[in-house]
Amino acid sequence: MYESSKTEAKWQKKWEEEKVYEADLKKAKDPYYSMVMFPYPSGDKLHVGHWYNFAPADSFARYMRMQGKDVFTPMGFDAFGLPAENYAIKTGVHPDDSITSNVETMITQLKRIGCMYDWAKMVNTSKPEYYRWTQWLFLKMFENNLAYRKDAPVNWCNSCQTVLANEQCQDGTCERCGTEVEKKPMTQWYWKITDYAQKLLDNHEKLDWPEKTIAMQKNWIGRSEGVNINFPLEDGSETLVAYTTRPDTIYSVTFIVMAPEHPLVEKLTKGKDIEQSVKKVVQKIQKQTDIERTSEGGKDKLGAFLGVHAINPVNGEKIPVYVANFALMYGTGIVMADAHDQRDFEFAAKYDIPLKFVISEDGKETDPANAKEAYTDDGILFNSGEFSGMRNREALPKIADWMEKKKMGKRQINYKLRDWSISRQRYWGAPIPIVYDLEGNPHPIPEEHLPWELPRDVEFKPTGTAPLAQSKELKERTEKIFGKGWTPEVDTMDTFVCSSFYQFRYLAEGSDNEFVPKDIDKKWMPVDMYIGGPEHACMHLIYARFVTMALKEWGYASNDEPFQRLVHQGLITNNGAKMSKSKGNVVSPDAFVEQYGSDVFRMYLMFMGPFEGGGDWSDTGIKGIDRFVQRVWRLFGEEAKEAKDSKEAKEVQAKLHQTIRKVTADIEALQFNTAIAALMELLNLLEKQEGISKETAKIFTTLLSPMAPHLAQELWESVGEDGFIINSAWPIYDEALCKEETVTVAIQVNGKVRGEISVAADAAQEEVIALAKQEPNVAKYLEGAAIKKEIYVPGKLVSLVV
RNA sequence: GCCCAGGUGGUGGAAUUGGUAGACACGCUGGUCUUAGGAACCAGUGGGUAACCCCCGUGAAGGUUCGAGUCCUUUCCUGGGCACCA
């Protein structure tokens, strides 16, 4: 009987004492940097999802180490953020206290997994020695004109009493708490991630990332190529610039719509009799949430005529100008509207605006009067001046060129990506290192004053103003250093800032005077393998890339990408539902680890299915892995029998080497489920043998060790090896030994399997086909028929066509 | 609506370039050993059939091929992402 908890505790202690997993960052010769996304230290402790992420990642890292790499796998805590603050509001426990205790608990749990983390390099983003660098990063952004303040209508969550980035609003509701998002004007700090939009796209090419993640980022950045077209107003007072990706529909344009936020809306209606009625509509639109305004398929088009007309530059036609809810402040905030866009079509139908088609399938004139919807397919242009008769897609670039030449418009590239709003009116975050003078002008806090510490004398109750505004200590500190009347910035930074550079700080080993040592950065970056959830595809993973690009430009980083290879683990659900505390369906690993041990639990998670697929939690299969572990222990530990004949059967050698080949390939591809299955197959065969050679036992143990490190370490000792198995070399298979002496060949007649024969692996084609024809059941089908075709796939099958 | 994955036994899932579908497990059935078994071990387990043979079988319908889970066409369903972005 293998006693997991005793054995696991024993080796975990030894590994720690002998610092088996500590990396010497300076001396390492063949560095391999393996990271998992660091956890938030919540009071819910580690859940199954964490294990599902960390354990396979650890198995992979162990494998790389046995391949001879100097592997570095650090662990840390993403410790700032709303939950700790909410907990403080509810219970009065200071976030620093609850987080510190949660971190302690989680470290204990993490150590119980038995991963090869190098705890000496741990980071905690909420500690001054860490957020000093979060603040440093802000100063660098400020210095390089990438941080700026902007008064803007921001997304306000009334429940969290805080501003949300666009990226943090999902379907118009707060990503964190689900409350509907309101618009509220506020002065915010932004980081100019948009300066890097193109580079973020270009660099995708050199990343070893899942296609899906790259597609999601591309979508998020949302590059589009179009034309800004000038529509002068009839009276010549203004020119409306509309952005379009479809200049081929220019001859179809019969009206213009503007976003209600556009400053010209007010200017154009000022003093006119329609001023008030337009204002009312604008107000009504602005009350609409993003959901009402942007989704539900445009059932509720809303707008108003602005009482002015513009001129379509291509044909001089007078076209009315409207304000409309579906026009957003994207591009120029002004859209040319025509019969070839469904939204425009619906709007025109509601407000009785005339439409005309300019594209049809065959280029014959069609009339929208009878049409029920827009014609959005491609086709042939008509009534389009010199472009009539051309395919619209072919005409598109030509029209763009022509308009540029005639100065009617200019090509323009737009991105959906917006600048990163990093200000938060929260307590539990890194304070923004800015102070304001008597006139309210912002000044960066000199680096010598970092860390600019988070004050402790605040209440956490949400008041709508930032909690730091209540701190007397912060105010006094500011005045003492900068002068009377100076005030501190009271916002803290988005936690995504903290997590955008932690990969560098692991390498800095807590250094106070250097962000990251240059030689270490050059040696270890980018991270070779980064594993975490796909939910971070568009936020964390874009922010970290942006920050790394900026750091490279400023000379602090040697590489402009942080993570070379990225893998997402799948999601573990419970009865098909995502696990969450609010649903009360979170599965805690602790009870299973207690009963079966870490090795069994982690192997079960890996055996459940493909790593990137995730799956639905069920504990029914864990017994199978427990049995496997016990059987392994019985065979190699308890009852270890040396093979009487040191030369084992060829069959065993072949299977052994096939298994090395399979397990190696599977771990490389993070397909742990089939790697474990291969080891099970080998075990099934070995159990049938009279005895097992020491060499075979050693190889089996080594192959098992990435997945079951404790068991393998214990077996290592019982087969008579010294030291740590992690320091031994990964076995190499012999291709020649993988070959079996005889193979089973299937015989098909007219595509149906009619029998099988066993032949020597190197038998000649003629020989095999001759044997095949003699097989009784096959012969039955061949009787009285002429063979038309004979196919032999070596070692696999014979196919006879009659 | 668009984009991306994916539909295989009672269950989780395996299946190089098209080459014996169901590896490996769970569960179930029978057995051995036991005072007992929710332990361990052995045998069986896609459906039809008493049974060898045989027939059917990878969401559905067609097609290519000696041969299709795999390739092509159409279609249905599930999961994930995006969405009045002009």
Side-chain angles (χ1 to χ4, degrees), chain A residues 1 171 210-216 218-220 222-224 226-227 229 242-247 249 257 259 290 293-301 324-338 340-344 346-347 376 414-416 534-535 537-538 570-571 573 576 604 607-610 612-616 618-625 627-628 630-631 634 665 671 673-684 687 744-756 777 780 787-802:
Chain A
M1 183 75 184
D171 303 324
E211 292 278 337
K212 199 178 166 174
T213 311
I214 288 183
M216 276 166 74
K218 281 191 172 154
N219 212 321
W220 193 264
R223 179 190 155 106
S224 70
V227 182
I229 300 178
Y243 175 71
T244 184
T245 55
R246 294 288 308 277
T249 63
V257 294
D290 276 8
R293 199 165 146 186
T294 64
S295 64
E296 301 305 320
K299 277 170 213 139
D300 301 309
K301 293 279 175 291
N325 63 342
F326 68 90
L328 306 176
M329 275 312 288
Y330 164 78
T332 60
I334 302 172
V335 186
M336 65 181 216
D338 54 70
H340 295 287
D341 182 285
Q342 189 57 27
R343 300 156 297 182
D344 300 348
E346 284 167 15
F347 190 83
T376 54
N414 274 328
Y415 300 91
K416 282 193 249 178
E535 67 274 17
C538 290
L571 184 70
T573 55
Y604 175 57
F607 188 62
M608 265 171 60
E612 292 174 61
D616 199 48
S618 122
D619 57 10
T620 53
I622 197 166
K623 279 234 155 76
I625 298 291
R627 276 180 206 144
F628 171 68
Q630 294 300 343
R631 281 163 60 204
R634 214 171 299 140
Q671 283 157 8
N673 54 334
T674 46
I676 293 169
L679 287 168
M680 286 172 168
E681 279 187 61
L682 178 58
L683 179 71
N684 289 345
E687 278 180 333
T744 306
V745 173
I747 306 149
Q748 294 184 346
V749 181
N750 287 347
K752 288 206 147 90
V753 180
R754 297 301 181 187
E756 55 180 45
N777 200 47
K780 200 168 83 190
I787 293 173
K788 277 195 213 148
K789 205 170 172 186
E790 294 173 351
I791 297 154
Y792 177 55
V793 182
K796 293 261 175 182
L797 62 72
V798 171
S799 187
L800 304 169
V801 187
V802 298

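In what follows, chains are A, B, ... by sequence order, proteins preceding strands, each numbered from 1.
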(message) Here's a test of your reading of the structure: between Ile676(A) and Thr245(A), which maps to the more 5' nucleotide of RNA chain B?
(response) Ile676(A)
(message) What I'd like to find out is whether the side chain of Arg246(A) reaches to under 4.5 Å of the side chain of Thr244(A), using heavy atoms alone.
(response) yes
(request) Could you tell me whether the side chain of Lys788(A) has a donor or acceptor atom within less than 3.5 Å of a complementary atom in the base of C66(B)? (result) no
Output a table of nitrogen or oxygen pairs between the protein and nucleotides 11-15 of chain B separated by less than 3.5 Å.
unit_1, atom_1, unit_2, atom_2, d
G12(B), O2', Met608(A), O, 2.5
A14(B), OP1, Asn673(A), ND2, 3.2

(message) For A43(B), give the paired nucleotide (Watson-Crick: N1-N3 plus N6-O4 or O6-N4; G-U: N1-O2 and O6-N3; both under 3.5 Å), or none.
(response) U29(B)
(request) Counting Watson-Crick and G-U wobble pairs only, both distances under 3.5 Å, name the nucleotide matched with U35(B), or none. (result) none
(message) Can you tell me if Arg634(A) touches the phosphate of A40(B), counting only side-chain N or O atoms and a distance under 4.0 Å to OP1 or OP2?
(response) no
(message) Rounded to whole Å, how long is the line connecting atom CG of Asn750(A) with atom C1' of U65(B)?
(response) 13 Å
(request) Scan Asp341(A) against the nucleic acid and name what it touches under 4.0 Å (heavy atoms): base, sugar-phosphate only, or nothing. (result) nothing
(message) With a 4.5 Å cut-off on side-chain heavy atoms, are Met336(A) and Thr249(A) touching?
(response) yes
(message) From CZ of Arg246(A) over to P of C84(B), roughly how many Å is that when rounded to an integer?
(response) 19 Å
(request) For nucleotides G19(B) and G67(B), find the distance between their P atoms and express it as a whole number of Å. (result) 15 Å
(request) May I ask which nucleotide in the shown strands pairs with A23(B), Watson-Crick or G-U wobble, both distances under 3.5 Å? (result) none
(message) Please give the distance between the P atoms of G38(B) and C28(B) as a whole number of Å.
(response) 10 Å
(request) Quick one: label Glu681(A) by what it contacts on the DNA or RNA (base, sugar-phosphate, nothing), any heavy atom closer than 4.0 Å. (result) sugar-phosphate
(message) Between P on C24(B) and CZ on Arg631(A), what's the gap in Å once rounded to a whole number?
(response) 11 Å
(request) Quick one: label Arg223(A) by what it contacts on the DNA or RNA (base, sugar-phosphate, nothing), any heavy atom closer than 4.0 Å. (result) nothing
(message) Considering every strand and a 4.0 Å limit on heavy-atom distances, what is the contact class for Ser618(A): base, sugar-phosphate, or nothing?
(response) nothing
Check: protein-nucleotides 54-57 of chain B nitrogen or oxygen pairs below 3.5 Å:
unit_1, atom_1, unit_2, atom_2, d
C54(B), OP1, Arg754(A), NH1, 3.4
C54(B), OP1, Asn777(A), ND2, 3.1
C54(B), OP1, Tyr781(A), OH, 3.2
C55(B), OP1, Arg754(A), NH2, 3.3
C55(B), OP2, Arg754(A), NH1, 3.2

(request) Side chain of Val335(A) only, please: which of U20(B), C24(B), A86(B) is the nearest? (result) A86(B)
(request) Go ahead and name the base partner of U70(B); Watson-Crick or wobble counts if both distances stay under 3.5 Å, otherwise write none. (result) none
(request) In whole angstrom, give me the gap between the P atoms of C53(B) and C3(B). (result) 48 Å
(request) Please give the nucleotide sitting opposite U17(B) as a Watson-Crick or G-U wobble pair, both distances under 3.5 Å, or none. (result) none
(message) Let's test this: given Watson-Crick or G-U wobble pairing with both distances under 3.5 Å, identify the partner of C2(B).
(response) G81(B)
(request) Could you please name the option among C24(B), C4(B), G67(B) that lies closest to any side-chain atom of Lys212(A)? (result) C4(B)
(message) Do Met608(A) and Ile625(A) make a side-chain contact, defined as non-hydrogen atoms from C-beta onward lying under 4.5 Å apart?
(response) no
(request) Counting heavy atoms from C-beta on, name the nucleotide in C84(B), A86(B), C82(B) closest to the side chain of Trp220(A). (result) C82(B)
(request) Report yes or no: is the cationic atom of Lys301(A) (NZ for Lys, CZ for Arg) closer than 6.0 Å to the six-membered ring centre of Phe326(A), at no more than 45° off its axis? (result) yes
(request) Whole angstrom is fine here: how far is it from CD1 in Ile747(A) over to P in U20(B)? (result) 14 Å
(request) For nucleotides A60(B) and A50(B), find the distance between their P atoms and express it as a whole number of Å. (result) 26 Å
(message) Partner lookup for U49(B), please. Criteria are Watson-Crick or G-U wobble with both distances under 3.5 angstrom; report none if nothing qualifies.
(response) none
(request) Report yes if at least one side-chain N or O of Arg627(A) is closer than 4.0 Å to OP1 or OP2 of A40(B); otherwise report no. (result) yes
(message) What's the separation between atom NZ in Lys416(A) and atom NZ in Lys218(A), rounded to the nearest 0.5 Å?
(response) 14.0 Å
(request) Hey, could you give me the CG/CD distance between Leu797(A) and Glu756(A), rounded to the nearest 0.5 Å? (result) 11.5 Å
(message) For a 4.5 angstrom cut-off between non-hydrogen side-chain atoms, does Val753(A) reach Ile747(A)?
(response) no
(message) Between G22(B) and A14(B), how many Å separate the two C1' atoms, rounded to a whole number?
(response) 7 Å
(message) At less than 3.5 Å, do the side-chain atoms of Gln342(A) and the base atoms of G1(B) form a donor-acceptor pair?
(response) no
(request) Could you measure between the two P atoms, the one in C72(B) and the one in G79(B), and give it in whole Å? (result) 25 Å
(message) Would the distance check show the side chain of Asn414(A) and the main-chain N or O of Ser224(A) forming a donor-acceptor pair, the cut-off being under 3.5 Å?
(response) no
(message) Using heavy-atom distances to pick each residue's nearest nucleotide on RNA chain B, tell me which of Lys416(A) and Asn219(A) is more 5'.
(response) Asn219(A)
(message) Could you tell me if the side chain of Thr213(A) sits less than 4.5 Å from the side chain of Pro534(A), heavy atoms only?
(response) no
(message) With a 3.5 Å limit on both atom pairs, tell me what U64(B) is paired to, counting Watson-Crick and G-U wobble, or say none.
(response) none
(request) Would you please confirm or rule out a distance under 4.0 Å between OP1 or OP2 of C85(B) and any side-chain N or O of Arg343(A)? (result) yes
(request) Assess whether one donor atom and one acceptor atom, taken from the side chain of Thr620(A) and the base of C26(B), lie less than 3.5 Å apart. (result) no
(message) Just confirming the chi classification of G22(B), syn or anti, using 90° around 0 as the syn window.
(response) anti
(message) Tell me whether the side-chain N/O atoms of Tyr330(A) come closer than 4.0 Å to OP1 or OP2 in A86(B).
(response) yes
(request) Return the value, rounded to whole Å, for the distance between atom CE of Met216(A) and atom C1' of A5(B). (result) 12 Å
(message) Say we look at U45(B) and A25(B): how far apart would their P atoms be, to the nearest angstrom?
(response) 15 Å
(message) I need the minimum non-hydrogen distance between Ala337(A) and Asp344(A), along with the two atoms involved.
(response) CA-OD2, 3.2 Å
(request) May I ask you to test the Tyr330(A)-Thr332(A) pair for a side-chain heavy-atom distance under 4.5 Å? (result) no
(message) Taking side chain to side chain donor-acceptor pair (under 3.5 Å) as the definition, give me every residue that meets it alongside Thr376(A), ordered by chain and number, with sequence neighbours left out.
(response) none
(request) Looking only at side-chain atoms of Val801(A), point me to the closest of A86(B), C66(B), G19(B). (result) C66(B)
(message) Taking G59(B) as the reference, what is the distance to U8(B) when you measure between their C1' atoms (whole Å, please)?
(response) 10 Å
